Asks: 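One structure, as structure tokens, below. Some questions next.
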Amino acid sequence: MECLYLLIIVGPDSRPGSLRLSGSSIVMEVSVSHKLLLFNLEFFLLLLLYHSFGYICALRYCVMWVLQSPQIVRQVPLQSHLCYTCHASSRLPASFVSLNPSAKPVKGDGANNQLIQSLCRGGDLKQAIQVLGNEPNPSQQTCELLIYYCAQKNSLSDGIDVHRQLVDGGLDQDPFLATKLINMYYELGSVDHACKVFDETRERTVYVWNALFRALAMVGRGKELLDLYGQMNSTGVSSDRFTYTYALKACVVSELSVCPLRKGMEIHAHILRHGYEANIHVMTTLLDVYAKFGRVSYANSVFSGMPVKNFVSWSAMIACYAKNEMPMKALELFWQMMLEARESVPNSVTMVNVVQACGALAALELGKLIHAYILRRGLDSILPVRSALITMYGRCGEIELGQRVFDNMNNRDVVSWNSLISIYGMHGFGKKAIQIFENMIHQGISPSYISFITVLGACSHAGLVEEGKFLFKSMHSRYRVHPGMEHYACMVDLLGRANRLDEAMKVIQDMRSEPGPTVWGSLLGSCRIHCNVELAETASTMLFELEPNNAGNYVLLADIYAEAKMWSHVKSVKKLLESRDLQKIPGCSWIVIKRKIYSFVSVDENSIEIEALRALLIKLLTEMKEQQGYVPLTNIVHYDLGEEEKERILLGHSEKLAVAFGLINTEKGEIIRITKNLRLCEDCHTVTKFISKFANREILVRDVNRFHRFRDGVCSCGDYW
DNA sequence: GTAGGGTTAG
């Protein structure tokens, strides 16, 4: 029987007293296929007795009995064992060798392999490394184990020691061990060390390359990865399915000088050429790359071309739609998955994306249905799902429901807190958001990079300038979070909105890194609110250079010129927009009634339905003119048109049409919930305030930035947005 | 021996 060759015995010099006792049992290690056995004390003493009397046959019988008796022998978890003595032998009587922890290592010929392994498993890594130093011929298995334990123990210094010893013994040139070393250094958080191992490895198998690629991809060093990928191709080592996934990932994480999307397409071509177009991992990664670059149609063609799909590929495609402002498509695909791909059961990742899509659409009823499904599937205990639900309820205008999800959580991470902070922020409850932020810290959770974006954003929506400045100052000094581009953008927004444009400009000037488009965008947005032409020109000059294809920036500048009645400037900005072949994003508002979505676009349409809505609006606005002396804000229409025509354009704004539609198609007393893809226009804001009072209706509008709750002629934003 | 999709902001 195989077990006999793995007999474990204590040498003649070991006394039972030197064993570690635990209750009535002695724990010792037996290396039978790496399983550990727990010996009963009496039985152990019996073994010892047989041994000391030389009754080898009896001993043999005993061991066999032990290994076959589940009552006596039972497996114990690796961590709980106490390592003691171990030796394997085929020649039983002659090899009763004692290897207790105090035993002296034997010099040379690989005799210490077992001892090193034993010490590793017993948790004495330092001593294992020391024994390795005295062992000129350690086996590959022993070295691998040592490397493994260095990573396990999260000890970089031990890892470096082992590495040094392998270099001394020339073993670092073994491609297998080099791979393990690279992986170890990656897991220990030192990719630089991993690179060094790679540089020093002469024989680079595909495993060696892949190990380094994995490390580089995971820490976002995509540019280096792709350079090396090029080198690999020229050295004649063939890529495998892992190489392709890492190279693809690199395109997403790299800050390449060349177009990363093109690089991705190039790798796509390699994949096809080498026949990996049916590999589910490679193709799912490729799909994700296209998704991250916003190439929805490419992603979709990869997806539909996949011969085999599983729930990951379905989820990746759903995520692609959810993240690229196509939430309807995301939901449609989800239904399709449920109906067509019965073997692909959605998991928590799928549901996170579906919940996100519901939030984007502000589809509250659908969101509740999805929430019910999540509960039924038992996926609600998963943190990202909960966080997504909190945000979804918030984005549907239901802070209380979001708060309830949060309150029912047993454990919360920083993301759950951030989600809660953000929903209060987007509803304009700045003080409450700060209070939650402070609560979080009080509970011992350190604020993250994003915590500060959310809380600063909340201050900005609520006009809490001093509070925001205080938080911004404290983020680095107190919480050691280094302010990034987004935080500067928040500060510029906070100060700019509050008409402290000089201070906002000073924040930009004090930045250590080059201000990016988000920062200038915030400034331009503030210039729009406060009609500052001069600063707007500075900001837009930068923006046109940094993101020449963002039509929104041109439109903002044109708006500012129009407000200042600088019509020739308006014209030239529009020409610039046209010359760059860009189009203004049309305003779109929608309303969900009985789980159906009705959307309206601000274009001049003459359908009968729209005419009915216009008629209602004209009636309301006439009333408003009489009661409140309302004057349409025609100056925000920057077409060179007559007043009457401008008024007609204003009347056709998508949010007004949606409000009118809501008035007609919902019950009295029901809240009208509208969502808009852009910022709410000033005229619509004024009109909606009036309608809320005149029609005695609560109207909840979510625009691209925040919520407006109109009640009795007043908006929750306090006209500050 | 290594692998694919995820939560929070503006």
Side-chain angles (χ1 to χ4, degrees), chain A residues 144 147-148 175-180 182-183 186 205-215 217-218 240-246 248-249 279-289 291-292 299 303 306 309-320 322-323 344 346-356 359 379 382-392 394-395 412-423 425-426 447-458 460-461 484-494 517-519 521-522 525 679 704-706:
Chain A
E144 185 195 354
I147 294 169
Y148 169 81
F176 179 89
L177 290 178
T179 308
K180 294 288 170 192
I182 294 171
N183 286 333
Y186 161 65
T205 60
V206 70
Y207 288 108
V208 176
W209 285 98
N210 287 350
L212 185 72
F213 288 167
R214 168 174 173 245
M218 296 304 178
D240 67 4
R241 55 198 198 279
F242 295 98
T243 321
Y244 290 122
T245 54
Y246 296 135
L248 284 170
K249 245 189 174 349
N279 182 284
I280 198 158
H281 284 100
V282 174
M283 293 322 264
T284 309
T285 314
L286 180 63
L287 187 170
D288 187 51
V289 170
K292 298 232 160 87
F303 178 71
M306 285 171 77
K309 299 181 180 83
N310 62 9
F311 69 104
V312 180
S313 18
W314 281 92
S315 306
M317 194 62 221
I318 292 170
C320 169
K323 300 262 158 20
S344 296
N347 71 348
S348 65
V349 182
T350 325
M351 296 323 292
V352 161
N353 287 303
V354 173
V355 169
Q356 246 189 345
L379 296 170
I382 292 163
L383 280 175
V385 175
R386 290 270 184 134
S387 304
L389 281 170
I390 296 170
T391 313
M392 184 272 287
R395 300 196 75 195
R412 305 169 177 124
D413 64 356
V414 68
V415 181
S416 344
W417 286 94
N418 291 350
S419 304
L420 193 69
I421 296 168
S422 85
I423 69 173
M426 72 173 93
S448 68
Y449 190 90
I450 292 181
S451 306
F452 282 100
I453 301 177
T454 51
V455 76
L456 290 174
S460 179
H461 291 315
M485 196 67 78
E486 291 96 331
H487 303 110
Y488 284 106
C490 285
M491 286 313 287
V492 171
D493 190 70
L494 174 77
T518 47
V519 175
S522 294
R679 185 178 177 272
V704 69
N705 288 327
R706 60 163 293 151

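Keep in mind that what you see is a predicted model, and the values were worked out from it rather than measured. Letters go in sequence order (proteins before strands), and every chain restarts at 1.
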Asks: Select base, sugar-phosphate, or nothing to describe what Phe452(A) touches, counting heavy atoms under 4.0 Å on all strands.
Replies: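 Counting heavy atoms under 4.0 Å across all strands, no contact is made by Phe452(A).
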
Asks: Which part of the nucleic acid does Thr350(A) contact within heavy-atom distance under 4.0 Å: base, sugar-phosphate only, or nothing?
Replies: base

Asks: Would you say the side-chain atoms of Asp288(A) and Thr285(A) include a donor-acceptor pair closer than 3.5 Å?
Replies: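 No, no side-chain donor-acceptor pair sits under 3.5 Å.
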
Asks: Can you confirm whether the side chains of Ser344(A) and Asn310(A) place a donor and an acceptor under 3.5 Å from each other?
Replies: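 Side-chain D/A pair, Ser344(A) to Asn310(A): absent.
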
Asks: Which part of the nucleic acid, if any, lies within reach of Arg241(A) when heavy atoms closer than 4.0 Å are counted: base, sugar-phosphate only, or nothing?
Replies: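 Base contact.
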
Asks: Pick base, sugar-phosphate or nothing for Leu456(A), based on heavy-atom distances below 4.0 Å to the nucleic acid.
Replies: nothing

Asks: Taking atom types as modelled, find out whether Ser315(A) and Thr350(A) have a side-chain donor-acceptor pair closer than 3.5 angstrom.
Replies: yes

Asks: Determine the contact category for Phe311(A): base if any of its heavy atoms lies under 4.0 Å from a base atom, sugar-phosphate if only primed atoms, P, OP1 or OP2 are that close, otherwise nothing.
Replies: base

Asks: Of all nucleotides in DNA chain B that come within under 4.0 Å of a heavy atom of chain A, which is furthest toward the 5' end and which toward the 3' end?
Replies: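 First and last nucleotides in contact are dG1(B) to dG10(B).
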
Asks: With a 3.5 Å cut-off and no angle check, do the side chains of Ser448(A) and Ser451(A) form a donor-acceptor pair?
Replies: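 Yes - a donor-acceptor pair under 3.5 Å links their side chains.
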
Asks: Look at all strands and tell whether Ser348(A) reaches a base, only sugar-phosphate, or nothing, counting heavy atoms closer than 4.0 Å.
Replies: base

Asks: Applying a 4.0 Å non-hydrogen cut-off, can you work out what Gln356(A) is touching in the nucleic acid: base, sugar-phosphate, or nothing?
Replies: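 Sugar-phosphate, backbone atoms only, no base.
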
Asks: Contact class for Lys309(A) (heavy atom, under 4.0 Å): base, sugar-phosphate, or nothing?
Replies: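 No contact.
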
Asks: For the residue pair Phe242(A) and Asn210(A), what are the closest heavy atoms and their distance?
Replies: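 Heavy atoms only, the tightest pair is CB-ND2, 3.5 Å.
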
Asks: With a non-hydrogen cut-off below 4.0 angstrom, is Asp240(A) in contact with a base, only sugar-phosphate, or nothing?
Replies: base

Asks: Answer with base, sugar-phosphate or nothing: what part of the nucleic acid does Ile280(A) contact at a heavy-atom distance below 4.0 Å?
Replies: base

Asks: State which residues pass ring-ring contact (aromatic ring centres under 6.0 Å, His included) with Tyr148(A); sequence neighbours excluded, sorted by chain then number.
Replies: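 Expected list: none.
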
Asks: When we call it a touch if two heavy atoms are under 4.0 Å apart, what does Thr518(A) touch: a base, just sugar-phosphate, or nothing?
Replies: base

Asks: With a 4.0 Å cut-off on heavy atoms, is Asn210(A) in touch with a base, just the backbone sugar-phosphate, or nothing at all?
Replies: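 If one applies the 4.0 Å heavy-atom cut-off, Asn210(A) turns out to touch a base.
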
Asks: Give Ser422(A) one of three labels, base, sugar-phosphate or nothing, depending on what nucleic acid heavy atoms sit under 4.0 Å from its own.
Replies: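 It contacts sugar-phosphate atoms only.
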
Asks: Before you tell me yes or no, could you show the steps for Glu486(A) and Tyr449(A) under side-chain contact (heavy atoms from CB on, under 4.5 Å), namely the whole-Å CA-CA distance, both residues' side-chain angles and the distance that decides it to 0.1 Å?
Replies: CA-CA 9 Å; Glu486(A) 291 96 331; Tyr449(A) 190 90; 2.7 Å; yes

Asks: Categorize His461(A) for me: base, sugar-phosphate, or nothing, with a 4.0 angstrom heavy-atom threshold over every strand shown.
Replies: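 The residue His461(A) makes sugar-phosphate contact but no base contact.
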
